[in-house]
Structure formats: C-alpha cells, structure tokens
Amino acid sequence: MNTSVKSDKKTSPTQHTPMMQQYLRIKADYPETLLFYRMGDFYELFYDDAVKAAQLLDITLTARGQSAGEPIAMAGIPYHAAESYLARLLKCGMSIAICEQIGDPNTSKGPVERKVVRIVTPGTVTDEALLEERKENLLVAVCSERQKYGIASLDLGSGRFTVIEVSSDDQLLSELNRLNPAELLFNEEVTLLPSLKQRSGLCRRPPWHFDADSARQRVLQQFNTVDLKGFGCDTLTLAVTAAGVLLQYVKDTQQSALPHIQGLRVEYSHDALILDAASRRNLELDFHPSGLMQYTLLGVLDKTATAMGSRCLRRWLHRPLRDQALLNQRYAVITALLTDALFQSVQTQLRHVGDIERISSRIALKSARPRDLVVLRQTLAVLPELQACLAVHELPELDRLAQQIGEYPELVALLQQAIIDNPPVLIRDGGVIAPGYSAELDELRYLSQHADQFLIDLEAREKAATGINTLKVNYNRVHGYYIEISHQHSTKIPAHYHRKQTLKGAERYITDELKAF
C-alpha cells in the first residue's frame, strides 16, 4: 500500500476527488500536525497521518477508494470519543488540528465547507480531561545567542508566565530539566544540543518569529504597556524574545486573545540552587524508577488539599530557594498554622476549593464548561470562611493572604441565580441556565415543551377575537405556520393579519406572533 502523501504533491490537484482536494488544501497549512478531518460522526485521517495515528493509537489502518490513481490510507475515530484519543496523542508529543464542517450539507454544492477550528498541542491544551490535575503543563520557548539563552515558560491553564536568562549550556539543560516542558519551541535554524534532540514535544519555529523587535512588540501588546520596566525584564532581550515567540505560538494555536495572561515574572538563576538532571533523578523529587509517586519526596510531603497547592509544592521542590528572608517568612507561616492546629480548620475549608486557576483560564479562553461554573460558585462561596480561619492569627503574612483572597458576594449570587445545581457536562445538552433567571429563555423553553398547546391556545384566541369559528392554525414544510380562513369570512380579517398564500377556497395569513413562534 502506498501511503505516502509526498507523491500526491507531485500530482495535479484536479486529479484528486473534490473531497481530497479540500483535504489536501487544508492539510498543506498544517504539514507537521495531525489533521482530524470531520466526516459525519468520525474524525478521519488520511495518508501519512493515518499511518502515524494507527501506530500510536493502535487503531485499524484501511485503504478506501482511490484518489489520483492511488489507494487512500485512512484511519478514523468516533468524534464523541475524541478526547481519549487526543490525550494519548498528546502524551506522545503530537499536535492535532481539529477540522470541522462549518457549511450546511443541504445547501452545499460539492464537499461541505470545512475549517480548522482549533489546534491542540502538548503545551497549549487546557481541557480538564487532557491535563494531569496536580502537574503543570508547560509550554517553553528558548532563544539563543553565543551560548546565552533566554527561556520563557507559560502554563496556559493557569496563566503563569515566567522568563529567565542563563549563560551556559549546562544552565540551560538544568532549567529545562526543572521545567520539564510538555512542548519546547526553538528556532529551526539553530542546532539543538544533543541531549535535547530526543525530547518529545519539540516544535520548530521559523527564524523570523525570533526577531527581537517583533517579539518585544508582541509582549508589549499583550500587556498594553510602552516598556517592560515594571516587569523587571526591559533589558533581558533574549528572555523577552522567547516570551514573544511563545505568545505568538499560543495565539496561533488558540486562535483567540489571551486575557488571562496579565503578568510576567522574572526569575534569576542565582536565587535558587542549580540542580542538574542527574541530581534531580537521584534525589527522586517527583519521579521514582518504579513509577510510584509515594516513593518520591513529593509523594511523602504532598498533603495539600487542592490541585493548585500540589502544583505549587512541586514547583517549590524543583527550585530550592537561597533567599533566607523569604524562607524564614514561610517557616513563620508554617509555625503559625501549627499553633492550636489552625492548619486543620484551614485545610477543611480548602477541601471545598476547586481548581480556579484552570477554571478562570478556561473562562478567559471561552472554553469553560457548565460544571466549571458550579465549581467556581462553590469555591467563591467558601472564601469568607477561609478568610475567617486565617484571621484568627495575627501574623502579618497570614493577614496579607486573607486580604488577597477577597470576597465576591455579587458573583456568587449571580452564579447561584443563573446556573442549576447539577448542570450537564456540555452546554449543547441544554438545561444549564436556572429557571427564573431569564424570562425570555423561560418562555422559549415553555414553547419548545408545549408547542402543540400553544398552537391550540392561539387558535382558540383568534377564533374568539375574530368570531370565525372555522379559523384554523396549521403548518406545512413549505410555508411554515399559517392561519387559514375561508373566503366567506374575508370581511372579518383583522388588520394585523398579513396575507401569505391564496388558495381556491381560502386565504392563508401570518401574524407577528405566529412568525416569532
């Protein structure tokens, strides 16, 4: 079986079927990305994509029909089960372009119009089902110049955005081992260090994305500032360039603005101990050869009540601080929490706190699901009690934490009024908005559930209003809803009736109310 798409590039497009012409035209824009091409209830993959997906997902590779005289390698997955397949591909470091049907099959001439609506990559995924709850999913970009490196990292799921500059290959490798990115962006004209070439999630980017002035401008536009002095990185050219590359990539893949990325944090290598890959491995910070987390340092220490806390703890373990003042502040907070077992009451409240870092990011990216809003509502409702727990102790650091937490009674009230207690998983399933929140929606729901009764009531009202007992309210697929009145009652037609169709023995009318229905 000839499964290579290369031979098709030499073939005139007109030799392919119209559908394959459409597929190849879309695929040409995503040459290094698997293209999930929607066909009915399946996402189909063709040619080399099909071969690769069949190997990675252990699904059947078939050959169906021919195009340009060659058999078409083909593999498919059910669209309703796509998330599980996406998760497996992402773990293999693959990126996927989701191509949906956006045209109307009933009016389309030839193949239904299709368009790539989103690109899912290992470092930009935000869907809850595709992420590890207690582990950051980092996208990292590296910009180099004469053995100096700028590194930018972004957890799109939380909006945490950091940069750092290092001055040697060893420091670069140490930082990348610390960050352990799901996806690593690099200049395709730069030769990677040998130890990086085997990493999964490598993504080559064109050299013009690494232009320092253009990249800096992208960062300034993101934060709507005239310089970066407020972030402390105005002179860190390589780091800012890496940040600009990263922002460009995320906007390209998400195809939307990034309103939740509102700050940029600068890290310095001298602020923390430098651990090479061997040291991290031997210390078993969060990995054990057995694969069991309980045998690692993180597994022993992680008693956190929230996923956000667990991710923070992992981050701290991988970057041991050298700042004694900051460390002493943390120790003071720990001592205060241990006093009179204060930590127990705090932990009790934290157990009701959801992953609002990731939920708020999905809201900003317009990909939140109904149950995200329920978790947000529950979390915001518990904040006053959490504040009260922290206020018991007079330690300034705890008081500052309590103030930062804040209270949001208006937002809690809005979510309580607007969202039902147990909404469906997907908004398209309906029934998310609570009854009584929107009078217009309540009316539409009533009509959809009692349409027959509405028409019966309308007919009775119109008969009473016009005095025409033979008046009928009917429907057909050609003309829709109408009111039919025989010619003998033509003198009783109200002024607000609009003629729609003339028959041999009757006239058909429409009203504004019936048109709106």
Do Y37 and Q101 have side-chain N/O donor and acceptor atoms under 3.5 Å apart?
no
(Q) Is it the case that the side chains of T124 and T121 hold a donor-acceptor pair, with the cut-off being a distance below 3.5 Å and no angle test? (A)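 There is such a pair between these side chains.
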Nearest heavy atoms of C233 and L264, plus distance in Å: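 Closest approach of C233 to L264, heavy atoms only: SG-CD2, 3.7 Å.
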- For I261 and F223, which heavy atoms make the closest approach, and how far apart are they?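 Where I261 meets F223 most closely, the heavy atoms are O-CE2, 3.6 Å.
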Show every salt bridge (Lys or Arg N to Asp or Glu O under 4.0 Å) that has at least one partner inside [range], sequence neighbours left out.
range            : result
residues 331-347 : none
residues 305-315 : E136-R315, D286-R314, R311-D355, R311-E357
residues 271-280 : none
residues 73-85   : E83-R369

So CG of D29 and CD1 of I26: to nearest 0.5 Å the spacing works out to 8.5 Å
Legend entry - Pairwise distance CD(E165) to CD(Q171) - rounded to 0.5 angstrom: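 So the gap between those two atoms works out to 11.0 Å.
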[X] atom [atom1], neighbour heavy-atom count above 12 within 6.0 Å:
X    : atom1 : result
R330 : CZ    : yes
N224 : CG    : no
E128 : CD    : no
E394 : CD    : no

Using distance only, find each side-chain donor-acceptor pair of residues 395-424 under 3.5 Å and give its atom names and separation, not counting sequence neighbours.
residue, atom, partner, partner atom, Å
D399, OD2, Q403, NE2, 3.0

Across all chains, not counting sequence neighbours, the salt bridge (Lys or Arg N to Asp or Glu O under 4.0 Å) partners of R88 are none
Salt bridge (Lys or Arg N to Asp or Glu O under 4.0 Å) filter on D372, not counting sequence neighbours, yields R362
Return the set of residues passing side chain to side chain contact (heavy atoms under 4.5 Å, CB included) with [X] (not counting sequence neighbours), or none when no residue passes.
X    : value
I363 : I359, A368, L373, L376
Q147 : D169
L202 : L184, F186, L192, R199

Test: R38 cationic atom under 6.0 Å from Y79 six-membered ring centre, within 45° of axis
yes
### Task
Output yes when R178 and E175 qualify as a salt bridge under the 4.0 Å nitrogen-oxygen rule, no when they do not.
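Between E175 and R178 there is a salt bridge, with a charged N closer than 4.0 Å to a carboxylate O.
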Practice task
Let me see the working for I119 and Y30 under side chain to side chain contact (heavy atoms under 4.5 Å, CB included), right down to the final yes or no.
Solution key: CA-CA 10 Å; I119 303 170; Y30 305 94; 3.4 Å; yes
Worksheet item: Hey, are the side chains of Y149 and C143 touching, using non-hydrogen atoms and a 4.5 Å cut-off?
Response: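 Not touching, per the 4.5 Å side-chain cut-off.
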Before you tell me yes or no, could you show the steps for S361 and L156 under side chain to side chain contact (heavy atoms under 4.5 Å, CB included), namely the whole-Å CA-CA distance, both residues' side-chain angles and the distance that decides it to 0.1 Å?
CA-CA 7 Å; S361 294; L156 188 61; over 6 Å; no
For the residue pair Y47 and Y23, does the interplanar ring angle fall in the parallel (under 30°), tilted (30 to 60°) or perpendicular (over 60°) class? tilted
For residues 239-249, run the donor-acceptor check on the side chains, cut-off 3.5 Å, and write out each pair with its distance to 0.1 Å, sequence neighbours left out.
residue, atom, partner, partner atom, Å
T241, OG1, T237, O, 2.8
Q248, NE2, D252, OD1, 2.9
Q248, NE2, D252, OD2, 3.4
Y249, OH, E183, OE2, 2.4

Next on the checklist: Please report whether the ring centroid of Y85 lies less than 6.0 Å from that of Y43.
Outcome noted: no
Donor-acceptor pairs are to be reported for all side-chain atoms of residues 297-310 against protein atoms at under 3.5 Å, with residues two or more places apart or in another chain.
residue, atom, partner, partner atom, Å
D302, OD1, T304, N, 3.1
D302, OD1, T304, OG1, 2.5
D302, OD2, R134, NH1, 3.3
D302, OD2, S310, OG, 2.6
T304, OG1, R134, NH1, 2.9
T304, OG1, S310, N, 3.4
T306, OG1, G309, N, 3.0
S310, OG, R134, NH1, 3.2

